[in-house]
S.K.: 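Sending over a structure as structure tokens; questions will come in a sec.
Note that the structure is predicted; figures quoted are calculated from it, not measured. First the proteins, then the strands, lettered A, B, ... as listed; each starts at 1.
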Number of protein chains: 2
Amino acid sequence: MNSKTRAAQLDDVSKAIIEQLQEDGRRSYAEIGKAVGLSEAAVRQRVQKLTEAGVMQVVAVTDPMQLGFYRQAMIGLRCSGDTRAIADKLAALEAVDYVVLTAGSFDIMAEVVCESDEDLINLLNEQIRKLEGVVSTETFVYLKLHKQLYNWGTR
Amino acid sequence: MNSKTRAAQLDDVSKAIIEQLQEDGRRSYAEIGKAVGLSEAAVRQRVQKLTEAGVMQVVAVTDPMQLGFYRQAMIGLRCSGDTRAIADKLAALEAVDYVVLTAGSFDIMAEVVCESDEDLINLLNEQIRKLEGVVSTETFVYLKLHKQLYNWGTR
DNA sequence: GGATAAAACTACGAATTCCTCAGAAAACCC
DNA sequence: GGGTTTTCTGAGGAATTCGTAGTTTTATCC
């Protein structure tokens, strides 16, 4: 039973808790409790359950630009053979932070984070395009990140 | 002076703090202090500064699948005119959680989160493809999310 | 429908953490 | 060197979290 693929229907209270933590991941259980109408302990239990179930996790997210990674790109890959195996190898690369199997003119899309154009070129030629089964790639260099949200699931 | 675009070089201690919070965004300041060799108050001050500077934020991230959004896709857009204006309009759509201006055969790439195929079709036809300046779109439906990381910036 | 089991919630004391502030140390700038 | 700013530490009190026990609610089974 893979609980990661099926939706456990969340009630409004759990959604409200998630919303609170999407605004501020360090907000206190007590404060969240006040906002959603639950005791502190109940909020704590729910957060623990939601986290264990993989529905939600509280983490720090950073801005690549501010950390010296000046070049980001989305790479579309056309492949032969088993795309899952290729996706595994892509996922193992340090510079790759996002990999998804897709339907369409690309079989896989991967987002990469690099320190410079040179790193990106190296990554592409030395690592990605040498993978067996990768037929061709198309690179979309990021000019400007315009929107990035983490708060779906509560609308 | 837009501090959001230039990297303020982080020292190793701040990077270590970020790593701690990437593992668990609710870890206590005292515990982080022990791990990085700083007092609890100093950790708190640094976290506050990092957050205010936009280098990092601690938030809850959720799994769309577990929340009933069964259809995700990346949409590549070819546009005429000012792509920034179009990106703004895309960003304003609820179902759109990620918008980036790119160089390459697409001018904009947008990730969307929908509850069903029908929602996706509606979104595409009623909202996105009706936007002025959108010449053509290509949709890459997600088959399987393979990797999703939030811990660049510390490698 | 009633008994039983499981799950979710509340309450509360103890332990821990957070917040504020004052002062020390370090870094920086003429 | 003197002055200024920034960063850090330590300490006390306030607030939060944790663990646990007991209660209520919900679900299950016959």
S.K.: List, one per line, each side-chain donor-acceptor pair under 3.5 Å for residues 120-128 of chain B, sequence neighbours excluded.
M.R.:
{"from": "Asn125(B)", "atom 1": "ND2", "to": "Ile121(B)", "atom 2": "O", "distance (Å)": "3.1"}
{"from": "Glu126(B)", "atom 1": "OE1", "to": "Lys130(B)", "atom 2": "NZ", "distance (Å)": "3.3"}

S.K.: For Glu52(A) and dA7(C), give me the distance from atom CD to atom P, rounded to whole Å.
M.R.: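 Rounded to whole Å, this separation is 13 Å.
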S.K.: With rounding to the nearest 0.5 angstrom, report the CG to OG1 distance, Leu143(B) to Thr83(A).
M.R.: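 Reported to 0.5 Å precision, the distance equals 7.5 Å.
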S.K.: Under 4.0 Å from any atom of DNA chain C, heavy atoms only: list the residues of residues 27-35 of chain A that qualify, in numerical order.
M.R.: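 Heavy-atom contacts with DNA chain C come from no residue of residues 27-35 of chain A; none.
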S.K.: Looking only at the side chain of Ala42(A) (C-beta and beyond, no hydrogens), which of the listed nucleotides dT17(D), dC18(C), dT10(C) gets closest?
M.R.: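 Closest nucleotide among those given: dT10(C).
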S.K.: If each of Arg26(A) and Ala41(A) is mapped to the nucleotide of DNA chain C with the nearest heavy atom, which maps nearer the 5' terminus, i.e. the 5' end?
M.R.: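 Per heavy-atom nearest nucleotide, the more 5' residue is Ala41(A).
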S.K.: OP1 or OP2 of dC19(C) less than 4.0 angstrom from a side-chain nitrogen or oxygen of Arg44(B), does that happen here?
M.R.: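 True: Arg44(B) side-chain N/O within range (under 4.0 Å) of dC19(C) OP1/OP2.
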S.K.: Between P on dG10(D) and CG on Leu38(B), what's the gap in Å once rounded to a whole number?
M.R.: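 Between P of dG10(D) and CG of Leu38(B): 11 Å.
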S.K.: Side-chain polar contacts of residues 47-57 of chain B - donor-acceptor pairs under 3.5 angstrom, sequence neighbours left out - could you list them?
M.R.:
{"from": "Gln48(B)", "atom 1": "NE2", "to": "Glu52(B)", "atom 2": "OE2", "distance (Å)": "3.4"}
{"from": "Thr51(B)", "atom 1": "OG1", "to": "Val47(B)", "atom 2": "O", "distance (Å)": "2.7"}

S.K.: Given dA8(C), dT9(D), dC18(C), which nucleotide is nearest the side-chain atoms of Gln45(B)?
M.R.: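 For Gln45(B), the side-chain atoms sit closest to dT9(D).
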S.K.: Could you work out which one of dC18(C), dT9(D), dC9(C) sits closest to the side chain of Ser39(A)?
M.R.: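 Closest nucleotide among those given: dC9(C).
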S.K.: Between dG10(D), dC19(C), dT10(C), which nucleotide gets closest to the side-chain atoms of Glu40(B)?
M.R.: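 Nearest to the side-chain atoms of Glu40(B), counting from C-beta on, is dC19(C).
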S.K.: Using a strict threshold of under 4.0 Å (side-chain N to carboxylate O), is an ion pair present between Arg78(B) and Glu138(B)?
M.R.: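 Salt bridge flag = yes for Arg78(B) with Glu138(B).
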S.K.: Rounded to whole angstroms, how far apart are CG on Asp11(B) and P on dA26(C)?
M.R.: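 Atom CG in Asp11(B) sits about 16 Å away from atom P in dA26(C).
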S.K.: So, taking the atom named CZ in Arg26(A) and the one named OH in Tyr29(B), what distance separates them when rounded to the nearest 0.5 Å?
M.R.: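 Answer for the CZ-OH pair, Arg26(A) versus Tyr29(B), is 4.0 Å.
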S.K.: From the options Arg27(A), Lys15(A), Glu31(A), select the one residue that forms a side-chain hydrogen bond (donor to acceptor under 3.5 Å, both in side chains) with Gln20(A).
M.R.: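 Result: among Arg27(A), Lys15(A), Glu31(A), Arg27(A) is the only option passing the side-chain hydrogen bond (donor to acceptor under 3.5 Å, both in side chains) with Gln20(A).
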S.K.: dT17(D), dT7(D), dT9(D): which one has an atom nearest the side-chain heavy atoms of Lys49(B)?
M.R.: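 Nearest to the side-chain atoms of Lys49(B), counting from C-beta on, is dT7(D).
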